[in-house]
Amino acid sequence: MYHAFQSSVDGVSLPAKFTCPFFHTPHSLCDVAADEVCEYLETQSQWAEELQEE
(Lines give C-alpha, C1' and ligand atoms only; values in the text may rest on other atoms or scores of the structure.)
Protein backbone atom coordinates (compact mmCIF):
# COMPACT_ATOMS: atom_id res chain seq x y z
CA MET A 1 0.00 0.00 0.00
CA TYR A 2 1.40 3.40 -0.95
CA HIS A 3 0.51 6.64 0.81
CA ALA A 4 1.92 10.01 -0.17
CA PHE A 5 3.10 12.31 2.60
CA GLN A 6 0.30 14.46 3.98
CA SER A 7 2.85 16.90 5.43
CA SER A 8 5.03 19.04 3.22
CA VAL A 9 8.47 17.48 2.78
CA ASP A 10 9.61 19.88 0.05
CA GLY A 11 12.62 21.16 1.98
CA VAL A 12 13.82 17.73 3.10
CA SER A 13 16.56 16.13 1.02
CA LEU A 14 16.70 12.39 0.49
CA PRO A 15 19.34 10.50 2.46
CA ALA A 16 22.57 9.78 0.61
CA LYS A 17 22.58 6.12 1.69
CA PHE A 18 20.94 3.66 4.05
CA THR A 19 22.37 3.56 7.54
CA CYS A 20 22.63 0.75 10.05
CA PRO A 21 19.12 0.36 11.52
CA PHE A 22 20.42 -0.25 15.05
CA PHE A 23 23.00 2.52 15.58
CA HIS A 24 21.83 5.77 14.01
CA THR A 25 19.49 8.70 14.30
CA PRO A 26 16.53 8.25 11.94
CA HIS A 27 16.37 10.55 8.92
CA SER A 28 13.75 13.29 9.25
CA LEU A 29 11.65 11.66 6.51
CA CYS A 30 11.46 8.53 8.67
CA ASP A 31 10.16 10.59 11.58
CA VAL A 32 7.50 12.23 9.40
CA ALA A 33 6.49 8.88 7.89
CA ALA A 34 6.25 7.19 11.29
CA ASP A 35 4.09 10.00 12.67
CA GLU A 36 1.80 9.84 9.66
CA VAL A 37 1.45 6.05 9.89
CA CYS A 38 0.50 6.36 13.57
CA GLU A 39 -2.05 9.05 12.76
CA TYR A 40 -3.44 6.95 9.90
CA LEU A 41 -3.86 3.91 12.15
CA GLU A 42 -5.49 5.96 14.90
CA THR A 43 -8.13 7.28 12.49
CA GLN A 44 -9.06 3.94 10.90
CA SER A 45 -12.34 2.61 12.21
CA GLN A 46 -12.03 -0.47 10.00
CA TRP A 47 -9.49 -2.07 12.37
CA ALA A 48 -10.37 -0.28 15.62
CA GLU A 49 -11.38 -3.43 17.44
CA GLU A 50 -8.26 -5.36 16.46
CA LEU A 51 -5.92 -2.47 17.25
CA GLN A 52 -7.36 -2.03 20.74
CA GLU A 53 -6.72 -5.68 21.62
CA GLU A 54 -3.32 -6.28 23.17
Side-chain angles (χ1 to χ4, degrees):
M1 183 180 303
Y2 171 79
H3 292 270
F5 283 108
Q6 299 299 308
S7 306
S8 174
V9 291
D10 291 339
V12 181
S13 61
L14 294 175
K17 61 180 180 174
F18 285 112
T19 58
C20 175
F22 303 107
F23 305 106
H24 79 291
T25 301
H27 189 274
S28 57
L29 286 176
C30 292
D31 291 331
V32 173
D35 290 342
E36 290 190 7
V37 168
C38 288
E39 185 177 332
Y40 174 79
L41 292 175
E42 288 172 357
T43 60
Q44 293 302 304
S45 59
Q46 182 180 12
W47 314 302
E49 205 171 295
E50 289 90 350
L51 291 173
Q52 290 177 4
E53 294 177 9
E54 291 189 22

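Hydrophobic side-chain contacts under 4.5 Å tie L14 into a cluster, directly or through other members, with F5, V9, V12, L29, V32.
Between the CZ atom of F18 and the NE2 atom of H27 there is a distance of 11.0 Å, given to the nearest 0.5 Å.
Considering every non-hydrogen atom in both E36 and Q6, the closest pair reads OE1-N, 2.9 Å.
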